[in-house]
Amino acid sequence: MRLLSVNTGRPRRSGRGDRARRLTGIGKRPADGPVAVTAPGPQGSGGSGLAGDAVCDRRFHGGEHQAVYAYAREDLDRWEAELGGALPNGVFGENLTTAGADVNGALIGERWRVGPDLVLEVSGARIPCRTFAGHLGGAGLLPTADGRGWIRTFMRAAVPGAYFRVVRPGSIRAGDTVTVEHRPDHEVTVSFLFRALTLEPRLLPRILAAGDALHPESRETALRRAAAG
């Protein structure tokens, strides 16, 4: 397993009309050299874990449990075939574009060593939003400029990519190897968690098996579901 690219983004305008006043860092491009990765602090104040990477709406993005986002090149290739257009590394807003890694089969709490020093822990699944849909639509990668229908399509595929928290900081670059250092003993993969949080809420009580490695918001959602029966 290895990194094909390490991607960062700068703030830019999002959408059209009133929404065009909003800034987003979703459009990311491969960095030329090494990128430092550190724990960014709590959601609401902390942004991206990658130096030079923008997180504009910190109410819902960034912070310690969403410090790094990874997506597999193999899944981008499948989306290319479905959408009929080229999808360069970073186009889904991912910080890490991987090769040979089963990103969506990774378990919540699984730990990856990336390069010589960085250690990451899988914390969650990416939930699609209107900014994501508008980003792809505005780039001409979807049938409509506003990305209508994309969120549902993305949910059905259940290949969301993984969020990570930073356990040990380090610098990484394209070509670095990825090694799984710890794999927990439960069933809650990134894809399983995503299905529970989106189209299959009946699965929610089962994600509690991931324990404290769950994003706190996912854990609270599952506890409410379990209490409701």
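Here the structure is a predicted model, which means the values were calculated and not measured.
Aromatic rings of F164 and Y69 (six-membered ring for Trp) have centroids beyond the 6.0 Å cut-off, not under it.
The aromatic rings of W79 and F92 sit tilted relative to each other, their planes meeting at an angle between 30° and 60°.
Using a 4.5 Å heavy-atom threshold, the side chains of R173 and S171 count as separate. With contacts defined as side-chain heavy-atom distances shorter than 4.5 Å, the pair E64/Q43 does not qualify. Within the 4.5 Å cutoff, the side chain of L141 has heavy atoms near those of the V91 side chain. Residues W112 and V119 have side chains not in contact (no heavy-atom distance under 4.5 Å, counting atoms from C-beta outward). Side chains of N7 and N95 form no contact here, defined as non-hydrogen atoms less than 4.5 Å apart.
At most 12 heavy atoms of other shown residues, nucleotides or ligands fall within 6.0 angstrom of atom CG in D185. By the neighbour-count criterion of 12 heavy atoms within 6.0 Å, atom CZ of R219 is densely surrounded, having more than that number from other residues, nucleotides or ligands.
Contact between L120 and V167 at its shortest, heavy atoms only, is C-CG2, 4.3 Å. For the residue pair F194 and A125, the shortest heavy atom distance occurs at CB-CB, 3.8 Å. Taking each heavy atom of T38 and V166 in turn, the nearest pair found is O-CG2, 3.7 Å. Between L87 and L76 the shortest heavy-atom distance is CD1-O, 3.6 Å. Closest heavy-atom contact between A72 and A101: CB-O, 4.0 Å. Taking both residues in full, the closest heavy atoms of A133 and W150 are given as CA-CD1, 3.8 Å, listed atom of the first, atom of the second, then distance.
Y71 does not carry R126 over the face of its six-membered ring by the limits of under 6.0 Å from the centre and within 45° of the normal.
Hydrophobic clustering, with ILVMFWY side chains joined whenever heavy atoms are under 4.5 angstrom apart, groups L203 together with L197. Both I127 and V122 belong to a single network of hydrophobic side chains, linked directly or stepwise wherever heavy atoms of I, L, V, M, F, W or Y lie under 4.5 Å apart. Hydrophobic clustering of Ile, Leu, Val, Met, Phe, Trp and Tyr side chains at less than 4.5 Å, counting indirect connections, keeps L107 apart from V190. Two different hydrophobic clusters hold L4 and V178 under the rule that ILVMFWY side chains link at heavy-atom gaps under 4.5 Å. Clustering ILVMFWY residues whenever any of their side-chain heavy atoms sit less than 4.5 angstrom apart, transitively, puts I151 in the very cluster that holds L142.
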L3 vs T97, test: side chain to side chain contact (heavy atoms under 4.5 Å, CB included). Steps then yes/no. CA-CA 6 Å; L3 296 184; T97 308; over 6 Å; no
Taking it one step at a time, do D53 and S48 satisfy side chain to side chain donor-acceptor pair (under 3.5 Å)? CA-CA 6 Å; D53 184 44; S48 173; 2.8 Å; yes
List the steps and the verdict of side chain to side chain contact (heavy atoms under 4.5 Å, CB included) for H135 and I26. CA-CA 8 Å; H135 166 63; I26 195 172; 3.6 Å; yes
Counting only pairs under 3.5 Å, give me each side-chain donor-acceptor contact of residues 152-162, with atom names and distances, residues two or more places apart or in other chains.
residue	atom	partner	partner atom	Å
T153	OG1	G149	O	3.0

Name the atoms and distances for all side-chain donor-acceptor pairs under 3.5 Å in residues 208-217, with sequence neighbours left out.
residue	atom	partner	partner atom	Å
H215	ND1	E217	N	3.0

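A donor-acceptor pair is defined here as one N or O able to donate and one able to accept, closer than 3.5 Å; such a pair exists between the side chain of S123 and the backbone of H65. Not one N or O on the side chain of D176 forms a donor-acceptor pair closer than 3.5 Å with the backbone of V114. Between the E74 side chain and the G100 main chain, a donor and an acceptor come within less than 3.5 Å of each other.
By the side-chain hydrogen bond (donor to acceptor under 3.5 Å, both in side chains) test, T144 pairs with D146, sequence neighbours left out. Contacts of R78 classified as salt bridge (Lys or Arg N to Asp or Glu O under 4.0 Å), with partners at least two apart in sequence or in another chain: D75.
With rounding to the nearest 0.5 Å, the separation of CG in L204 from OG in S218 is 8.5 Å. Taken to the nearest 0.5 Å, the OG atom of S5 stands 10.0 Å off from the CD1 atom of I172. Going from atom OG1 of T8 over to atom CZ of R29 covers 10.0 Å, rounded to the nearest 0.5 Å.
Residue pairs meeting the salt bridge (charged side-chain N to carboxylate O under 4.0 Å, His left out) criterion with at least one partner in residues 91-114, sequence neighbours excluded, are E110-R183, R111-E121, R113-E181. Residue pairs meeting the salt bridge (charged side-chain N to carboxylate O under 4.0 Å, His left out) criterion with at least one member in residues 80-92, sequence neighbours excluded: R73-E80.
Between T189 and N104, the side chains place no donor N or O within less than 3.5 Å of an acceptor N or O (distance only, hydrogens not considered).
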